[in-house]
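Quick notes on the structure that follows.
Heavy-atom basis, side chains included; hydrogens, waters and symmetry copies ignored. Computed from a prediction, not measured in an experiment: that's the story for all the values here.
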Amino acid sequence: TSRLGQYRRTFARIDAMDYRIDLKRYAIQEGTGVIRIEGIFYVKARLDGSATWRERNGPIDMELLANGDSFKVRRLDY
């Protein structure tokens, strides 16, 4: 099932957020424009009306597809 609705509801309630990925390794697939990234994500968020920050971290793997001067996420696992 898609979690898109759940993500949208959660993100709509976020007042402040800090997010980073510590890169462990990456690989570029020549000729395809695909970059595979492996690392650890760290996220800290505060919901509207709350003084409490929620924190999570863990492994993250993703594939990025070149899109002009930016990238689109092709696959995301965390």
Side-chain angles (χ1 to χ4, degrees):
T1 62
S2 172
R3 294 187 181 202
L4 184 57
Q6 178 184 352
Y7 282 132
R8 285 182 175 159
R9 285 188 301 275
T10 300
F11 277 92
R13 296 175 46 216
I14 292 175
D15 177 54
M17 180 180 207
D18 182 35
Y19 187 90
R20 80 174 198 272
I21 296 174
D22 286 352
L23 187 63
K24 287 181 142 182
R25 72 181 132 260
Y26 73 95
I28 300 170
Q29 295 178 359
E30 294 296 326
T32 66
V34 173
I35 300 173
R36 181 173 173 155
I37 294 174
E38 296 177 29
I40 305 292
F41 77 90
Y42 299 87
V43 64
K44 184 168 100 170
R46 186 180 64 220
L47 300 180
D48 286 333
S50 175
T52 304
W53 286 88
R54 298 178 181 195
E55 297 184 45
R56 299 283 185 272
N57 64 68
I60 188 168
D61 295 322
M62 71 173 85
E63 289 180 358
L64 304 175
L65 183 59
N67 183 39
D69 63 352
S70 187
F71 296 92
K72 286 188 176 184
V73 177
R74 186 167 105 172
R75 184 183 59 79
L76 176 63
D77 294 314
Y78 64 97

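- No chain of hydrophobic side-chain contacts below 4.5 Å, direct or via other Ile, Leu, Val, Met, Phe, Trp or Tyr residues, connects Val34 to Met62.
- Under the side chain to side chain contact (heavy atoms under 4.5 Å, CB included) criterion, Leu23 pairs with Tyr26, Ile37, sequence neighbours left out.
- Hydrophobic cluster membership differs between Phe11 and Leu4, with clusters built from Ile, Leu, Val, Met, Phe, Trp and Tyr side chains linked at under 4.5 angstrom.
- Note on Lys24 versus Glu38: no salt bridge recorded, every NZ/NE/NH1/NH2 to OD/OE distance being 4.0 Å or above.
- Summarising the geometry, atom CD1 belonging to Ile14 is positioned 13.5 Å from atom CZ belonging to Arg9; distances are rounded to the nearest 0.5 Å.
- Checked against side chain to side chain contact (heavy atoms under 4.5 Å, CB included), Val73 has the following partners two or more places apart in sequence or in another chain: Leu64, Leu76.
- Annotation: side-chain hydrogen bond (donor to acceptor under 3.5 Å, both in side chains) contacts of Asp15 (sequence neighbours excluded): Arg46.
- Screening residues 51-76 for side chain to side chain donor-acceptor pair (under 3.5 Å), with sequence neighbours left out, gives Glu63-Arg74, Arg75-Asp77.
- Every residue two or more places apart in sequence or in another chain that forms a ring pair (Phe, Tyr, Trp, His ring centres under 6.0 Å) with Tyr78 is listed here: Phe41.
- Other residues, nucleotides and ligands place more than 12 heavy atoms under 6.0 Å from the OH atom of Tyr19.
- Think of Tyr42 as one node in a network of Ile, Leu, Val, Met, Phe, Trp and Tyr side chains linked at under 4.5 Å; its network also takes in Ile40.
- Between Thr32 and Leu65, the shortest heavy-atom distance links the atoms O-CD1, 3.7 Å.
- At a threshold of 4.0 Å, the pair Asp22-Arg20 counts as salt-bridged, since one of the basic side-chain nitrogens sits closer than that to a carboxylate oxygen.
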